[in-house]
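Treat the numbers as computed from the prediction; the structure is a model and nothing was measured. Order of listing sets the numbers, starting from 1, for every ligand and every atom in it.
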Amino acid sequence: MSPDYEAVIGLEVHARMHTRTKAFCPCAVRFGDPPNSLVCPTCLGLPGALPSLNREAVAMGVRVGLALGCTVRRRSRFARKNYFYPDLPKGYQISQYDEPLCEGGWLDVPQPDGSTRRIGIERAHLEEDAGKNLHGVGASREVSLVDLNRAGVPLLEIVGRPELRSASEAAEYLRQLRSVLMAVGANDGNLESGSFRCDANVSVRPVGERRLGTRTEIKNINSFRFVQRAIEWEVAEQVAALRAGASVAQVTKTWDDDSGRCHVLRRKEGSDDYRYFPEPDLPPLVLSEAFVDELAASLPPLPAARRARYVRELGLTEGDARPLPVEALAALFARLDDGTLSGTIAREVYAKMVESGRSADEIIEAEGLRVVTDEGAIDAACRAVIDASPKQLAAYRAGKRALLGYFKGEVMRATGGRADPRALDAALSRLLGG
Ligand code: ADP
Ligand code: MG
Ligand code: ZN
């Protein structure tokens with residue numbers, strides 16, 4: 001990045017809500033079924049068919065909004081976004097426009113130096129996915145066909161503020177957002193199947209300038225690596241244009257990884273082009289306080305909070321807590337929480353995870369690394385230590401109670417730190433007597 005220009009990036013993420021059925025009809029959400037087998041009059045847009053809103057999709061959208069610190073609107077509204085495309089049989093997409101489900105939130109994005117930077121979220125709204133056009137099919141490869149299994153699948157569009165400063169920060173924002181969505185159970189995190197995809201808005205401006213430059217929009221990227229490469233390329237392109245005295249055209253582009261460059265698709269459409277109007281077939285969405293409160297109470301600890309816990313309890317640095325995916329660390333902590341591991345053993349398992357890439361459970365199974373709670377085994381280990389320490393035993397019984405620490409330490413050493421501390425205390429006080 002040249003020193004006299006800075007990049008400004010804002011991301012719009014389309015995240016599929018991980019529901020069993022579609023947003024406005026009872027058709028199943030599944031991928032890989034025969035084309036046009038998961039459809040009904042509503043998602044086909046047949047005349048007279050009416051939408052009815054999926055409660056599960058709303059609940060997931062609310063959970064995401066709460067996890068991102070958004071204000072969840074008690075009353076939101078659906079709108080029709082009108083455009084023509086063969087994968088959109090109704091001729092409009094049901095979306096939310098002026099009264100979105102969630103507004104104003106943030107995401108703390110990890111930085112290379114271990115700190116985090118807070119990026120604003122403008123809004124998050126519910127909408128439906130379109131179908132899929134399949135081009136170049138048939139023997140002649142000249143035919144295009146439409147599969148509408150995906151039409152009507154619920155999406156949450158999460159609109160980030162234009163506050164990201166580099167391609168790598170944008171990629172990190174997406175990783176972090178994906179882990180929040182997965183942590184609240186709203187998204188399966190599968191980028192390849194298109195469950196999580198983004199549009200990247202990119203502009204540049206002279207350093208010190210407060211106003212935003214003209215942006216281009218790169219559509220539908222579904223890989224962290226592609227996002228990073230596309231933004232890097234686009235920033236360089238815009239800086240070169242401005243340097244040459246040209247201007248940046250407000251256009252919509254697509255990233256082509258094979259040629260390693262963006263291609264212009266069309267001029268950027270404005271919201272006037274869509275003739276938004278309130279969806280007459282759906283009433284306003286009104287949420288009760290109890291509904292939102294219940295969802296808020298059921299939120300799990302979120303990735304950033306969990307990461308802080310790893311740092312605290314395993315003595316890791318912020319940097320250490322990021323080699324491993326947050327899901328892998330969460331699995332390790334689940335074993336700490338259910339008593340399978342002690343802190344000492346967890347540190348050992350962690351080191352092996354980093355070294356081998358194996359999961360916590362695989363390592364625990366394969367190496368028998370778990371807390372020993374079995375009373376017989378702990379008794380035996382205590383007896384062995386006591387038998388080998390007649391002098392300490394005599395001193396202890398004569399009143400030198402501080403020697404309890406000595407016995408504990410010896411048993412812990414003998415068991416490789418695996419004795420359950422509470423079971424150990426009980427066994428020692430029973431066997432030492434006095
Ligand atoms: P749309 O792209 O649908 O027209 P918006 O105007 O709301 O909608 O912009 C959407 C996204 O574009 C947001 O994520 C926002 O952060 C980003 N954005 C807006 N202006 C700029 C800019 N000048 N540079 C980079 N990103 C921008
Ligand atoms: Mg956009
Ligand atoms: Zn349907």
Side-chain angles (χ1 to χ4, degrees), residues 5-14 19-30 33 36-46 49-54 57 79 81 83 89-90 93-98 100 103-107 119-125 127-131 147-154 157-167 169-170 173-174 177 197-205 209-221 227 231 234-235 238 247-254 265-274 276:
Y5 285 94
E6 65 178 7
V8 176
I9 301 144
L11 300 180
E12 295 163 271
V13 167
H14 289 92
T19 55
R20 282 160 299 181
T21 57
K22 293 187 180 180
F24 303 109
C25 64
C27 292
V29 174
R30 271 203 312 269
D33 281 48
N36 300 308
S37 61
L38 306 172
V39 292
C40 73
T42 299
C43 53
L44 287 175
L46 300 186
L50 289 171
S52 99
L53 180 59
N54 180 343
K81 180 178 181 179
Y83 64 94
K90 296 197 294 294
Q93 176 193 32
I94 302 180
S95 182
Q96 294 187 306
Y97 182 53
D98 51 359
E103 285 173 315
W106 72 85
L107 190 66
I119 303 298
I121 307 277
E122 251 162 54
R123 53 188 270 150
H125 65 256
E127 59 183 32
E128 58 178 338
D129 209 344
D147 175 10
L148 293 168
N149 284 354
R150 202 179 67 181
V153 166
E157 176 170 341
I158 303 156
V159 182
R161 294 186 54 78
E163 294 172 351
L164 295 159
R165 292 180 188 148
S166 70
E169 190 178 40
Y173 168 96
L174 290 174
L177 182 57
R197 46 193 207 260
C198 94
D199 302 341
N201 297 271
V202 179
S203 65
V204 299
R205 63 184 172 190
E209 171 66 61
R210 301 263 307 275
R211 279 171 306 171
L212 295 173
T214 304
R215 68 171 149 140
T216 61
E217 184 176 31
I218 312 165
K219 281 285 188 193
N220 252 325
I221 325 177
V227 162
I231 295 173
E234 181 60 25
V235 168
Q238 291 187 16
S247 58
V248 172
Q250 188 161 342
V251 291
T252 297
K253 299 189 174 186
T254 180
L265 282 180
R266 54 177 182 265
R267 84 177 161 83
K268 165 85 180 120
E269 65 289 340
S271 64
D272 285 355
D273 295 329
Y274 291 117
Y276 278 99

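At least one side-chain heavy atom of N201 sits less than 4.5 Å from a side-chain heavy atom of E12. Contact of the H14 side chain with the D199 side chain is registered, since non-hydrogen atoms from C-beta on lie closer than 4.5 Å. Residues K22 and E128 are not in side-chain contact: their nearest non-hydrogen atoms beyond the backbone lie 4.5 Å or more apart.
Of all non-hydrogen atoms in V29 and T19, the two that sit nearest each other are CB-O, 3.7 Å.
Here the Zn ion (ligand 3) has protein N, O or S atoms under 2.8 Å from it, and they come to 4.
No other N/O/S atom of E12 lies as close to the Mg ion (ligand 2) as OE1 does. For E217, the N, O or S atom closest to the Mg ion (ligand 2) goes by the atom name OE2.
Considering OH of Y5 and CD of E209, their distance stands at 10.5 Å, rounded to 0.5 Å. Atoms CZ and CG, from F24 and L53 in turn, are 5.5 Å apart once rounded to the nearest 0.5 Å. To the nearest 0.5 Å, the span separating CG on N54 from OG1 on T21 amounts to 4.0 Å. Once rounded to the nearest 0.5 Å, the distance linking CD of Q250 with CZ of R215 reads 5.5 Å. Once rounded to the nearest 0.5 Å, the distance linking CD of E169 with CD1 of I9 reads 7.5 Å. Considering CD of E103 and NE2 of H125, their distance stands at 11.5 Å, rounded to 0.5 Å.
Close contacts of ligand 1 with V159, meaning ligand atoms under 4.0 Å from a residue heavy atom, involve 13 (C), 14 (O). Those atoms of ligand 1 with a heavy atom of E217 less than 4.0 angstrom away are 2 (O). Those atoms of ligand 1 that come under 4.0 Å of a heavy atom in R161, given as number and element, are 16 (O).
For atom 22 (C) of ligand 1, the closest non-hydrogen atom on the protein side is S203 OG, 3.5 Å. Of the protein's non-hydrogen atoms, E122 OE1, 4.2 Å is the one closest to atom 7 (O) of ligand 1. With respect to atom 3 (O) of ligand 1, the closest heavy atom belonging to the protein is E12 OE2, 3.5 Å. Counting only heavy atoms of the protein, atom 11 (C) of ligand 1 lies nearest to N201 ND2, 3.3 Å. Of all protein heavy atoms, the one lying nearest to atom 23 (N) of ligand 1 is G213 O, 3.0 Å. For atom 16 (O) of ligand 1, the nearest protein heavy atom (residue, atom name, distance) is G160 O, 2.6 Å. Annotation: atom 1 (P) of ligand 1 to nearest protein heavy atom, K268 NZ, 3.7 Å. Of the protein's non-hydrogen atoms, the one nearest atom 25 (C) of ligand 1 is V8 O, 3.3 Å.
When the shell of 6.0 Å around CZ of R266 is examined, it contains more than 12 heavy atoms from other residues, nucleotides or ligands.
In E163, neither the side chain nor the backbone holds a heavy atom less than 4.0 Å from any atom of ligand 1. At a 4.0 Å heavy-atom cut-off, ligand 1 touches L11 through the backbone alone.
Where the criterion is an N or O separation shorter than 3.5 Å, residue side chain and backbone included, P162 meets it with respect to ligand 1.
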Carefully, step by step, assess R205 and L212 under the rule side-chain contact (heavy atoms from CB on, under 4.5 Å). CA-CA 7 Å; R205 63 184 172 190; L212 295 173; 3.7 Å; yes
Checking K253 against V202 for the side-chain contact (heavy atoms from CB on, under 4.5 Å) test, could you report, in this order, the C-alpha distance in whole Å, the side-chain angles of both residues, the deciding distance, and whether it holds? CA-CA 11 Å; K253 299 189 174 186; V202 179; over 6 Å; no
Before giving the answer on side-chain contact (heavy atoms from CB on, under 4.5 Å), spell out for N220 and T254 the whole-Å C-alpha distance, their side-chain angles and the decisive distance to 0.1 Å. CA-CA 8 Å; N220 252 325; T254 180; over 6 Å; no
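Of the candidates K81, R215, R123, K219, it is R215 that places a heavy atom closest to atom 9 (O) of ligand 1.
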